Amino acid sequence: MTEVFNMGEYSMYIWPAWGFAVLVLGGLVIASVRVMQARERELAELEAAKPRRRRQKNPEGKSA
Amino acid sequence: MLQKYANPKRFLTLANSVLPWTTCATVILIVAGLYFAFAASPPDYQQGQTVRIMYVHVPSAWMAMFAYAFIVVASAVGLIWKHPVAHVGALAAAPIGACFTLICLATGSLWGKPMWGTWWVWDARLTSVLILFFLYLGFIALANAFDDSSRGEKASAILALIGGINLPIIKFSVDWWNTLHQPASVSKIDMPSIHSSMLTPLLLMGIGFTALFVTLVIIRVRAELASRRINALRAAKIHAEVAGG
Amino acid sequence: MTAFFALIKRDIRIALRQLSDTLIVIVFFVISASLFPFGVGAEPNLLARMAPGVLWVTALLSAMLSFDRLFQNDFEDGTLELLVIAPQPLWLSALAKIAAHWITTGFPVLLVAPLIGIMLNLKPEGLAVLLAAMALGTSIISLIGALGAALTLGSRRSGVLLSLLILPLAVPVLIFGSGAVEASIGGYPVSQQLLMLSGLLLACLVLCPWGCAAALRIANE
């Protein structure tokens with residue numbers, strides 16, 4: 001196992017290269033998923049609130 | 001077929017049924033690719049262990065081009081058939097493509113230091129990728145520059161088409177320029193030609209990155225469609241309040 | 001076709017009335033080119049070697065200053081809406097505005113370029129090719145720039161955005177333009193570079209007015 005991680009004199013180029021890739025792609029995945037979850041939660045709340053508003057509106061319509 | 005998925009709801013049903021599969025494929029392919037890239041492949045006879053940088057560099061370069069091609073096609077579909085989800089797809093793909101391009105540049109530079117002796121060489125391929133990165137930045141900036149999002153997506157779609165036509169010209173001119181101005185002090189180890197022991201990890205990582213790209217596009221499209229729906233609901237709510245009050 | 005020339009005439013007349021806009025481009029071109037000797041040193045050989053590249057880069061950058069107003073005034077006062085609904089096809093109107101832009105900024109830059117070339121110790125053999133290549137190059141830059149201006153019309157911070165969009169697309173012009181001048185200084189044939197520039201110009205003549213028209217229509221929706 002140590003052989004795998006020891007890339008000799010080139011370690012200092014190989015690991016930063018892969019580290020950078022993992023960092024950028026990982027950051028992108030986390031950011032995308034978080035934004036999606038936040039938006040969809042917000043949308044669910046809004047859609048859950050919608051029927052109530054309709055019921056409130058109806059009596060007003062009748063009284064007018 | 002295309003028209004059917006212009007409806008965001010229908011598109012989401014399809015996308016959500018695909019999403020678990022692409023997620024699984026991404027994880028399996030990339031883990032397998034990593035195993036072959038680090039454990040199950042020998043060092044290259046010429047570049048030694050630095051060949052392992054190639055296993056992330058080359059697939060990123062593929063993805064940088066693939067994502068741009070995806071954006072061009074999606075923009076064309078959006079403009080010609082007025083397909084709303086295609087525009088959203090193009091916008092969702094742009095940051096992903098830009099990230100792959102950035103990874104390609106950074107890993108190319110980290111490969112160049114031990115092989116060429118400098119961090120950056122105005123090599124034809126690196127230079128073309130750098131310009132591709134600028135094109136991505138322009139596309140993203142233009143798409144976000146308008147208060148009206150439909151304006152931004154159409155303008156950036158036209159830019160993507162023009163960029164798509166221009167890209168081969170840029171590539172050709174950079175190659176031509178590079179043959180005239182060969183950097184003289186650089187040792188001439190070219191970017192390697194692929195041979196069989198490299199092929200398995202390269203292909204696994206390449207297909208894994210493609211699956212990651214599809215997964216991320218679906219996730220970002222879902223986020224964008226949700227936020228558009230939120231805006232529409234909010235606008236309707238304000239409208240109702242104004243009308244009611 | 002009368003509408004085409006009328007539009008060119010109108011734009012030139014407006015440019016003459018606002019002469020400072022054109023002058024700023026020329027002055028920026030001269031100033032930025034004359035900064036290079038301060039930056040890299042005034043050694044004649046070095047300057048002569050750098051002259052083609054410096055001339056092309058500064059010409060390209062100074063042109064960036066002129067595009068944000070290309071459609072802006074017409075967009076604000078409603079002229080653009082008339083052009084969109086006019087019987088003349090919109091791409092032709094866009095081409096007329098691009099031609100007027102070249103006459104009022106590209107052409108003056110072309111005239112000043114040999115002077116700056118001499119200041120930068122550019123060899124006299126290169127001057128004729130410089131003029132020919134710049135005539136083609138500035139036209140291409142006008143075409144691409146107009147496209148950028150049409151795309152960014154009405155956006156936030158359109159000036160900066162415009163440069164970000166146009167400069168990468170203008171890389172081939174820069175390569176073949178300065179390549180032609182360098183080749184002529186070195187005594188090599190320049191036909192290849194000039195033919196490439198002509199080809200680029202033809203491609204842009206087809207693509208850019210069409211793209212401009214599409215972008216202007218979107219801006220007017």
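In what follows, every chain begins at residue 1, and chains take the letters A, B, ... in the order their sequences are listed. Just so it is clear, the structure is predicted and the values come from calculations on it, not from any experiment. Just so you know, these numbers use all the heavy atoms, side chains as well, and skip hydrogens, waters and symmetry mates.
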Of the listed residues ([options]), which shares the most heavy-atom pairs with chain A below a 4.5 Å separation?
options	result
B:L216, B:L34, B:I96, B:L212	B:L216
B:C99, B:S227, B:P114	B:P114
B:I53, B:V221, B:L225, B:T107	B:I53

When you look at CH2 of B:W120, are more than 12 heavy atoms from neighbouring residues, nucleotides or ligands closer to it than 6.0 Å? yes
Rounded distance [0.5 Å steps], [atom1] in [X] versus [atom2] in [Y]:
X	Y	atom1	atom2	answer
B:I103	A:F20	CD1	CZ	6.5 Å
A:M12	B:L110	CE	CG	9.0 Å
A:L28	B:I219	CG	CD1	9.5 Å
B:R52	A:S11	CZ	OG	10.5 Å
B:R229	A:L46	CZ	CG	9.5 Å

Portion of B:R220 that has a non-hydrogen atom of chain A nearer than 4.5 angstrom: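 Only the side chain of B:R220 comes within 4.5 Å of chain A.
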Output, in order, the C-alpha distance, side-chain angles, deciding distance and verdict of side chain to side chain contact (heavy atoms under 4.5 Å, CB included) for A:V29 and B:T215. CA-CA 9 Å; A:V29 169; B:T215 312; over 6 Å; no
Hey, are A:E42 and B:R234 close enough for a salt bridge, meaning a charged N less than 4.0 Å from a carboxylate O?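 Here A:E42 pairs with B:R234 in a salt bridge, since their nearest N and O are under 4.0 Å apart.
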For chain A, which residues from residues 127-136 of chain B have at least one heavy atom closer than 4.5 Å to it? none
Evaluate A:L25 against B:F209 for side chain to side chain contact (heavy atoms under 4.5 Å, CB included), listing each step before the verdict. CA-CA 10 Å; A:L25 290 180; B:F209 276 4; 4.0 Å; yes
Proximity of A:W18 and B:F38 rings by center, below 6.0 Å: yes
Give the C-alpha distance, both sets of side-chain angles, the deciding distance and a yes or no for side chain to side chain contact (heavy atoms under 4.5 Å, CB included) between A:M36 and B:E224. CA-CA 8 Å; A:M36 181 190 74; B:E224 181 59 29; over 6 Å; no
